[in-house]
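This report refers to the structure that appears directly beneath it.
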Protein chains: 2
Amino acid sequence: MDMLSVMQDAGTKCLDRLSQDGGSLYLQVKRALLTCIESRVWLPGDQLPSETLIAGQLGVSIGTLRRAVDELVQEQVLVRRQGKGTFVALHSRDRYLFQFFRVEAREERFGAGIPSDSEYPEVECVSFERQRADEAAADALRLRTGDPVFVIQNRLSLKRRAVVLDHIVISATLFKGLNEKRFLERSSTIYNFYQTEFGITVLHARERARAVLASREAIRRLGVAPGTPLIEVQRLAHSFGERPVEWRTSLIYTQQHDYVSDVSAPR
Amino acid sequence: MDMLSVMQDAGTKCLDRLSQDGGSLYLQVKRALLTCIESRVWLPGDQLPSETLIAGQLGVSIGTLRRAVDELVQEQVLVRRQGKGTFVALHSRDRYLFQFFRVEAREERFGAGIPSDSEYPEVECVSFERQRADEAAADALRLRTGDPVFVIQNRLSLKRRAVVLDHIVISATLFKGLNEKRFLERSSTIYNFYQTEFGITVLHARERARAVLASREAIRRLGVAPGTPLIEVQRLAHSFGERPVEWRTSLIYTQQHDYVSDVSAPR
DNA sequence: AAGTGGTCTAGACCACCAT
DNA sequence: TGGTGGTCTAGACCACTTA
């Protein structure tokens, strides 16, 4: 297990001290693990050292380590596979589909159960530009007005019907080296692309929705009639430590689709 | 502690066996605790016997019991208060406000932080009727078409501006004894009212939203102009065991407010 | 068969709350 | 002071994966 021992050596800097007084021991352990991930000592997809090893290195009991790992698994930062090991979570197509893409074909029967129709949308890039952040985007992304950003417009279709128009703003500093060619040639989900190509993991987002009338651009891009009501969703997506990394505005044509959400216990 | 011992005796029927083979031991324990609550042996607000006592009665270790309780606390079925005890959760005004009422005044700055403006809406009852369930409502609530239901329309205002029109359908069988007078005279949040008066606890909900143009009724009730776009939200609220208990359609006027949601790890 | 995570135990000690 | 939940320990044993 050469890779593992290398990882442990590299991880030593994160794992040999629990000095940060973050309250209870398991929270300090959790913070130490997060530090290993945020500092890219452990990369998405990597296997962690075994629980026994980490616990030993940190000088805590295995139960305490497990409590910390439990929380990170729940937050989808880590993934456990019985018999194999614990891994830094990778964004899968399914995770994107079920967690972040929340548009579903209209159901006649509400309580019917699992949506049959959760298909992956077809994505077309409408425009890709390098611009300067306006006030709203800078505010959301914690940049200064005028900082360089990429502005990407995508059109998403389900069953060949244009349903969503996305307007995405990301920091050009954070996504250093991104260009239209790389973006167009990506072979995966956009959040997977962020993660594998730029090391940016989207963990959760906050959304605000309102009803609007189709703008001229929406009429053209979505092919809807003037006066059509649409849902406009503003999303701020966050990475570790609540760091905002993507500012997105989506226009959703809800003639045959719904914007779906769950209302359950807050985290 | 007379009340406690009575509760334990009553609870014996739930707590003396773990026969239901629900997989691992702590899951069986969790199910046993849920049974005590669902069968109303323990009522909302009641204090549970101490962890030591329950663990002893069930013949499991305290760690195993705690794991079961941990999950129920996370699902907001139980509440722990250090030094005092563990209690069956009661719906508070705050829980309604923060978890289930998801309309907030528009913020100019998105990432600004905690919404300053989360005020409790003023609620007016527009109509209260006993009707027969139509197909959609029956479907959602797992009733038969034509079963008796209560249909309640409420108008919600924030800062004296009408913002939401709620259309609520609940089973008259489940809410036996409800009438307009009792509904109007309730002194609390609607979900708190369901819980304290009818023993029905709303745990979570699933919502589907779409943009619509204001109907004649919305124009009249919300005082908006014809052609105004609104968000229509259909909510199915569930109690224990995924039992649907309330079917609600809300029209939201989003001129100065947003429909807000979090996108985080699924449960 | 060896290594991993998954479950469960039987304690110890601490922090908080009531009286 | 006595009871409650909160944290932590150091194991044992099981189930799953890989070789």
Worksheet entry | DNA chain D: 5'-proximal contact among A:Q82 and A:S61 (nearest heavy atom) | A:S61

Discussion item. Does B:E51 reach a base, just sugar-phosphate, or nothing at all? Heavy atoms under 4.0 Å.
Written reply: sugar-phosphate

Worksheet item: Going by heavy atoms in the side chains, are A:W42 and A:F87 under 4.5 Å from each other?
Response: no

Discussion item. Just the rounded figure in Å: distance from P of D:dT9 to CG of A:L58.
Written reply: 11 Å

Worksheet item: Is the shortest side-chain N/O distance from B:T64 to OP1 or OP2 of C:dT9 below 4.0 Å?
Response: yes

Practice prompt. Starting from C1' on C:dT7, measure out to CG on A:D70 and report it in whole angstrom.
Written response: 11 Å

Worksheet item: Can you check whether B:R81 has a side-chain N or O nearer than 4.0 Å to OP1 or OP2 of D:dT4?
Response: no

Worksheet item: For A:T189 and A:Y120, does a side-chain donor sit closer than 3.5 Å to a side-chain acceptor?
Response: yes

Worksheet item: Looking at B:S50, does any N or O in its side chain come under 4.0 Å of the phosphate oxygens OP1/OP2 on D:dG3?
Response: no

Fill in: Euclidean distance, atom CZ of residue B:F87 to atom P of C:dC17 [Å, nearest integer]
12 Å

Fill in: Between D:dG5 (C1') and B:L78 (CG): distance, integer Å
13 Å

Fill in: 5' precedence on DNA chain D between A:L65 and B:R80 (nearest-nucleotide basis)
B:R80

Worksheet item: CD of A:E71 versus P of D:dC8: gap in Å, rounded?
Response: 11 Å

Discussion item. Rounded to whole Å, please give me the gap between CD1 in A:I62 and P in C:dT7.
Written reply: 14 Å

Item to complete: State the NE2-OH distance between A:H91 and A:Y191, to the nearest 0.5 angstrom.
Response: 8.0 Å

Item to complete: Tell me, please, whether A:F183 has A:R186 positioned over its six-membered ring: NZ or CZ under 6.0 Å from the ring centre and within 45 degrees of its axis?
Response: yes

Worksheet entry | B:T86 side chain near D:dG5 phosphate (N/O to OP1/OP2, under 4.0 Å) | yes

Discussion item. With side-chain contact (heavy atoms from CB on, under 4.5 Å) as the test, pick out the partner of B:V245 among B:L141, B:L236, B:I200.
Written reply: B:I200

Fill in: Between D:dT4 (P) and B:I54 (CD1): distance, integer Å
11 Å

Worksheet item: Distance check: side-chain N/O of A:K84 vs OP1/OP2 of C:dG5, anything under 4.0 Å?
Response: no

Worksheet item: Would you say a side-chain N or O of B:R66 is under 4.0 Å from OP1 or OP2 of D:dG5?
Response: no

Item to complete: Please work out if B:T52 contacts a base, only the sugar-phosphate, or nothing of the nucleic acid, heavy-atom cut-off 4.0 Å.
Response: nothing

Practice prompt. Could you state the atom-to-atom distance from CG of A:L25 to C1' of C:dA12 in whole Å?
Written response: 15 Å

